[in-house]
Protein chains: 2
Amino acid sequence: MSSDPVAFGKAIADETRQRIMRLLCCRELCVSDLVTELRDISQPTVSHHLQILKQAGLVDTRREGKQMYYTLRQEAIANCCRVIVREYAPDVDLVDAGASPQTT
Amino acid sequence: MSSDPVAFGKAIADETRQRIMRLLCCRELCVSDLVTELRDISQPTVSHHLQILKQAGLVDTRREGKQMYYTLRQEAIANCCRVIVREYAPDVDLVDAGASPQTT
DNA sequence: TCTATATATAGATGATCTTAAATACGTCTA
DNA sequence: TAGACGTATTTAAGATCATCTATATATAGA
């Protein structure tokens with residue numbers, strides 16, 4: 001919920017967590033679904049990363065019987081990005097120049 | 001450079017680095033300027049963080065005599081945010097409906 | 001209640017990160 | 001060239017993190 005850029009950075013600063021986020025994007029999955037997809041990561045590790053994402057406010061949870069379903073909080077993610085741009089890229093207009101690859 | 005969300009996350013996942021980014025936002029500063037402002041951080045630590053930001057493509061450098069001047073690469077930062085939103089918040093329109101009320 | 005299943009937590013370990021002190025490097029000026 | 005100054009790198013210590021195994025908690029069904 002915080003939209004704190006440091007906390008947001010820490011939350012996304014891990015390859016496994018971003019794999020989880022990618023899997024959760026636009027669909028709801030339970031822990032065992034995620035463990036099945038991330039076949040090289042143990043269940044406790046998946047749960048651990050989910051707790052970190054939850055703590056950062058980037059996922060929502062819903063219990064259904066024995067399973068715990070997770071979804072991405074897209075609006076929260078977008079909001080963190082808005083804060084970052086407002087703080088560190090205030091001169092950039094997000095509307096245009098979206099796809100222009102202006103990088104060294 | 002890369003616009004890799006994991007690398008971007010690692011780069012911003014530190015309070016000191018974001019303090020540096022805030023100081024560099026919209027103005028050019030050399031290392032000793034930054035050391036003066038961040039009065040609780042040593043010069044080698046500041047230099048170290050600047051290297052991390054540089055490696056992530058978030059700052060540009062310009063040498064002028066003995067000093068090395070740093071600037072924020074706002075476009076690169078905005079681009080990383082665009083990638084993150086595209087990947088993890090595709091249903092959200094970054095432009096409107098932000099934290100600030102946008103009266104149409 | 002007991003058992004099975006799904007998820008979370010605890011503890012341990014190795015890797016990575018932050019930091020400062022000491023030192024090296026690069027540039028200017030005399 | 002020598003010395004001063006600004007910045008970068010090296011080294012090492014302490015902290016944090018990702019990951020596993022083992023175990024605990026929670027829920028459903030018999």
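Here is how names work: the chains are called A, B, and so on, in the same order as the sequence lines, proteins then strands, and each is numbered from 1.
- By the side chain to side chain donor-acceptor pair (under 3.5 Å) test, B:Tyr70 pairs with B:Gln51, sequence neighbours left out.
- Cluster annotation: B:Val59 and B:Leu38 are assigned to the same hydrophobic cluster (Ile/Leu/Val/Met/Phe/Trp/Tyr, side-chain heavy-atom contacts under 4.5 Å, transitive).
- Between A:Arg19 and A:Asp40 there is a salt bridge, since a side-chain N of the basic residue sits under 4.0 Å from a carboxylate O of the acidic one.
- Side-chain contact between B:Leu50 and B:Lys54 is absent, with no heavy atoms from C-beta onward closer than 4.5 Å.
- No contact: B:Tyr69 has no heavy atom under 4.0 Å from any strand.
- A:Gln43 places a side-chain heavy atom less than 4.5 Å from the side chain of A:Ser47.
- Defining each end axis of the helix from C:dT1-D:dA30 to C:dA30-D:dT1 as the rotation carrying four pairs' C1' atoms onto the next four, with five pairs an end, the two axes are found to diverge by 20° to 10 degrees.
- Distance CG/B:Leu34 to CG/B:Leu24: 5.0 Å, rounded to 0.5 Å.
- Clustering ILVMFWY residues whenever any of their side-chain heavy atoms sit less than 4.5 angstrom apart, transitively, puts A:Leu29 in the very cluster that holds A:Ile77.
- One hydrophobic cluster holds both B:Val35 and B:Met21 under the rule that ILVMFWY side chains link at heavy-atom gaps under 4.5 Å.
- Hydrophobic cluster membership is shared by A:Ile12 and A:Ile41, with clusters built from Ile, Leu, Val, Met, Phe, Trp and Tyr side chains linked at under 4.5 angstrom.
- On the nucleic acid side, DNA chain D has its first and last nucleotide under 4.0 Å of a heavy atom of chain B at D:dC5 to D:dT9, going 5' to 3'.
- Of all heavy-atom pairs spanning A:Leu72 and A:Leu58, the tightest one is CD2-O, 3.4 Å.
- Applying the side chain to side chain contact (heavy atoms under 4.5 Å, CB included) rule to A:Cys81 yields the partners A:Phe8, B:Cys81, B:Ile84, B:Val85; only residues at least two apart in sequence or on another chain are considered.
- Using a cutoff of 4.0 Å between basic side-chain nitrogens and carboxylate oxygens, A:Glu75 and A:Arg82 are scored as salt-bridged.
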Whether each nucleotide of nucleotides 24-30 of chain C has a protein heavy atom under 4.0 Å at its base (B), only at its sugar-phosphate (S) or at neither (-) is summarised, 5' to 3', as ---BS--
Readout for nucleotides 17-22 of chain C: B = base within 4.0 Å of protein heavy atom, S = sugar-phosphate only, - = neither; 5' to 3' it is -SBBBB
